[in-house]
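Structure first, then comments.
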Amino acid sequence: MQPTTIAADAVVTIHYQLTLDDGSIADSSFGGEPLTYLHGHGNLVPGLERQMVGKAVGAKFDAAVAAADGYGEYDPDADRTVPRSAFPKNAQLSPGMGFHTEDEQGHVVPLFVREIKGDEVVVTTNHPLAGQRLNFTIEVLKVRKATKEELSHGHVHGPGGHHH
Ligand code: ZN
């Protein structure tokens with residue numbers, strides 16, 4: 001039996017549009033490739049993942065997510081200035097660009113470029129959308145059971161997912 005509504009361990013295919021409070025569209029899959037994700041494994045921002053639960057194939061709905069349940073509140077102390085030479089020479093740096101680094105404990109920390117000032121780069125752990133309310137429009141296209149392998153990896157394989 002394949003599930004028809006969204007619950008933990010389902011593989012879910014959606015179209016989504018993300019609109020900010022100023023009316024600008026930050027991201028949209030409508031008219032392009034839909035997003036396929038493994039539900040219940042932290043692959044969406046927490047406030048959106050919670051509102052997906054129980055939705056059926058064909059459902060189209062709006063979901064507003066507070067900053068704290070989205071990309072986090074804006075932390076003004078999260079900016080650091082590092083020399084440009086800390087990055088690979090050929091890296092094309094631009095504001096909003098994300099990458100990963102490791103903290104002293106070896107945990108992976110996402111970092112974003114905030115500003116480039118000559119030989120210095122301001123990086124921040126604030127996500128570019130931190131502090132913003134996220135207004136999603138979601139359309140549920142497909143729901144299926146995850147395979148054992150997908151569950152052990154915590155992500156989707158095949159179309160729209162990882163290939164490895
Ligand atoms: Zn995998």
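Just follow the structure's listing: the first ligand is 1, and inside any ligand the first atom is 1. All residue numbers in this chain count up from 1 along the given sequence.
Using a 30° and 60° split on the angle between ring planes, His153 and His157 fall in the perpendicular class, above 60°.
Rounded to 10 degrees, the NE2-metal-NE2 angle spanning His164 and His155 at the Zn ion (ligand 1) equals 110°.
With a 4.5 Å cut-off between side-chain heavy atoms of Ile, Leu, Val, Met, Phe, Trp and Tyr, the cluster of Val113 takes in Val82, Phe87, Leu93, Met97, Phe99, Leu111, Ile116, Val121, Val123.
Summary: NE2 is the N/O/S atom of His157 found nearest to the Zn ion (ligand 1). Among the heteroatoms counted here (N, O or S) of His153, ND1 is the one nearest to the Zn ion (ligand 1).
Using a 4.0 Å cut-off between charged side-chain N and carboxylate O, Lys55 and Glu139 make no salt bridge.
Under the 4.5 Å side-chain heavy-atom criterion for Ile, Leu, Val, Met, Phe, Trp and Tyr, Leu18 and Val12 are members of the same hydrophobic cluster.
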